[in-house]
Student: 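One structure coming up, written as structure tokens, with questions to follow.
Keep in mind it's a predicted model, so treat the numbers as computed, not measured.
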Amino acid sequence: NLFDGPHKRIHGIADTVAELKSQNRQPEALAVINQTRAGELSTMVRLFQETRDMIRGTLREIVMIVESNGRRFGLVVDSVSEVVDIADELIEPPPAQCKGQEARFVKGLGHVGDQVKILLNVNELIDSDEAKGIASAAD
């Protein structure tokens, strides 16, 4: 699969960045992140865009593969309009207005340029009682 190589390398790079950060070598860690953004991450984004374009041209149903607690799941989505990388410092907690049981599904708000993206808590979506009921009904 075309995604495996870049995906594994990005995880390896994340380990390198974490190690550099733990050694208080932030400038080097940022340099590695910037190199990755221009290299492996750019490759991954291109692959996702090509896949999205291919799917739009041939299929009506889109399945997004997510990993939660070491297990992979396919989520059927209506469409994928973009794939973006949001730096941790551009993510804020859910707003105070987000209350009740549904609040557990919102991980936070991500700022991308002048737009705000709602980040879903995929682990909660998959591990919720509702999702388990749907999965059991499908078996």
Student: Assigning hydrophobic clusters by single linkage (Ile, Leu, Val, Met, Phe, Trp, Tyr; side-chain heavy-atom cutoff under 4.5 Å), is Val83 placed with Val66?
Tutor: yes

Student: Could you tell me which residues satisfy salt bridge (Lys or Arg N to Asp or Glu O under 4.0 Å) with Glu19, sequence neighbours excluded, listed by chain and number?
Tutor: none

Student: Hey, does Val112 have a side-chain heavy atom less than 4.5 Å from the side chain of Leu90?
Tutor: no

Student: Taking only residues two or more places apart in sequence, or in another chain, which ones meet Glu89 in a side chain to side chain contact (heavy atoms under 4.5 Å, CB included)?
Tutor: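 Once residues adjacent in sequence are excluded, the partners of Glu89 under the side chain to side chain contact (heavy atoms under 4.5 Å, CB included) criterion are Ala87.
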
Student: Tell me whether Val63 shares a hydrophobic cluster with Leu75, the cluster being built from Ile, Leu, Val, Met, Phe, Trp, Tyr side chains joined at under 4.5 Å.
Tutor: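 No: no chain of side-chain contacts under 4.5 Å links Val63 to Leu75.
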
Student: Can you tell me how far apart NZ (Lys117) and CD (Glu82) are? Round to the nearest 0.5 Å.
Tutor: 3.5 Å

Student: In Å and rounded to the nearest 0.5 Å, what is the CZ to OG1 distance from Arg25 to Thr16?
Tutor: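 Interatomic distance, Arg25 CZ to Thr16 OG1, rounded to 0.5 Å: 10.5 Å.
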
Student: Could you check if a side-chain atom of Leu41 sits within less than 4.5 angstrom of a side-chain atom of Ile13, using non-hydrogen atoms only?
Tutor: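 Contact flag for Leu41/Ile13 side chains = no.
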
Student: List the residues meeting side chain to side chain donor-acceptor pair (under 3.5 Å) with Asn34, not counting sequence neighbours, and say none if there are none.
Tutor: Arg37

Student: Going by salt bridge (Lys or Arg N to Asp or Glu O under 4.0 Å), name the residues that satisfy it together with Lys107, two or more places apart in sequence or in a different chain.
Tutor: none

Student: How far does CD1 of Ile65 sit from CZ of Arg72, to the nearest 0.5 angstrom?
Tutor: 8.5 Å

Student: In terms of hydrophobic clustering (I, L, V, M, F, W, Y; side-chain heavy atoms under 4.5 Å; direct or indirect links), are Val45 and Leu119 co-clustered?
Tutor: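 No; tracing contacts between hydrophobic side chains, which count when under 4.5 Å, never links both residues.
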
Student: What's the separation between atom CD in Glu28 and atom CD1 in Ile33, rounded to the nearest 0.5 Å?
Tutor: 12.0 Å

Student: At what distance, to the nearest 0.5 angstrom, does CZ of Arg9 lie from CD of Glu40?
Tutor: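 Rounded to the nearest 0.5 Å, the CZ-CD separation comes to 4.0 Å.
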
Student: Under the ring pair (Phe, Tyr, Trp, His ring centres under 6.0 Å) definition, can you give me all pairs with a residue in residues 12-49, not counting sequence neighbours?
Tutor: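 Listed once each, the pairs are Phe3-Phe48.
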
Student: Establish whether Leu47 and Val84 are linked, either directly or via other cluster members, by ILVMFWY side-chain heavy-atom contacts under 4.5 Å.
Tutor: no

Student: Determine which pairs satisfy ring pair (Phe, Tyr, Trp, His ring centres under 6.0 Å) with at least one residue from residues 4-26, sequence neighbours left out, and list them in order.
Tutor: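 Checked against ring pair (Phe, Tyr, Trp, His ring centres under 6.0 Å) - neighbours excluded - the pairs reaching residues 4-26 are His7-His11.
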
Student: Is there a continuous path of hydrophobic side-chain contacts, each under 4.5 Å between heavy atoms, that joins Val106 to Ile86?
Tutor: no

Student: Is the number of heavy atoms from other residues, nucleotides or ligands within 6.0 Å of CD1 (Ile118) greater than 12?
Tutor: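 Open.
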
